[in-house]
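All chains are named by letter (A, B, ...) in the order of the sequence lines, taking the proteins before the strands, and each is independently numbered beginning at 1.
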Amino acid sequence: MAEVRGALLKHLRVNTTSLSLLRYPNPTRNGLFTLTVNAIRRSFFDEVMGSFLDKYEVTDRVLCVVKNFQKVDPSKVSPTAHFQKDLGLDSFDTVEAVMALEEEFGFEIPDNEADKISSINYVVEFIASHPQAK
Amino acid sequence: MAAAPTRIDVLQLYRSLMRVARQFCDYNIREYTKRRTIDAFRDNKILTNCSQLSAAFSDGKAQLEVAKRRALVYSLYAPKVKSIMDIKPS
């Protein structure tokens, strides 16, 4: 889905007026417009430094992976769940969950960052702000 | 006698072993490595004796070195046909 969108955006024409919007995006415009502007901005950055994933998409995929994890009760999984307090996982299970997320998004999380991951919120923030996440 | 490994060291060893397990081409060996690390770390979770802890930790580190070498050698002779368990149902 994200690849189709990326390929489509690369072929869109960008006229000169929208370039000025890139520099001064008006925050009071409606959501659809800012989404398009952000999408255009992202297509420029694709070639430069790798694209960032959309936060809702990341949340969906993270929740899907965590729900498929054998030791987790799917009904307790929510975007604000804490691995050890809400989902009842111990530190080994947390490491396993982080590894599964690494595989899902196709990039390596360094050890010092992975140690800080303790809730789904943090994971979504981290992945959404990581340029190499696929 | 070496000092007891800290919690972070143990978790890092666990993570390194799981990462090495990912690199194996053979499905069976990959799953075995994962299973074995999970079982071994859980069994040793209850240890509190300092010398037992450091013995288990250095054992784990030795196994990690072995696994790294094996993963490298196996990758040189990777099978052409993938195991059926690796093929995702389309």
Open item on the list: Taking A:Met99 as the starting point, is it possible to reach A:Ile109 by hopping between hydrophobic residues whose side chains are less than 4.5 Å apart?
Closed with: no
Task: Portion of A:Asp93 that has a non-hydrogen atom of chain B nearer than 4.5 angstrom - done: both
Task: chain A contact via B:Arg22 - side chain, backbone, both or neither, heavy atoms under 4.5 Å - done: side chain
Task: B:Arg19 and A:Asp111, any side-chain heavy atoms less than 4.5 Å apart - done: yes
Open item on the list: Is there a continuous path of hydrophobic side-chain contacts, each under 4.5 Å between heavy atoms, that joins B:Ile29 to B:Leu64?
Closed with: yes
Open item on the list: With a 4.5 Å cut-off on side-chain heavy-atom distances among I, L, V, M, F, W and Y, is there a chain of contacts connecting B:Val10 to B:Leu53?
Closed with: no
TODO: Determine, using the 4.5 Å side-chain heavy-atom cutoff (strictly less than), whether A:Phe69 and A:Val95 are members of one ILVMFWY cluster.
DONE: no
TODO: Run the salt-bridge test on B:Arg7 and A:Asp115 with the 4.0 Å N-O cut-off and return the result as yes or no.
DONE: no
Task: Residues, nucleotides or ligands: over 12 heavy atoms within 6.0 Å of A:Tyr122 OH - done: yes
- [ ] For the residue pair B:Tyr14 and A:Phe92, categorise the inter-ring angle as parallel (less than 30°), tilted (30 to 60°) or perpendicular (more than 60°).
- [x] tilted
- [ ] Please step through side chain to side chain contact (heavy atoms under 4.5 Å, CB included) for the pair A:Val98 and B:Met18, ending with a clear verdict.
- [x] CA-CA 11 Å; A:Val98 170; B:Met18 299 294 266; over 6 Å; no
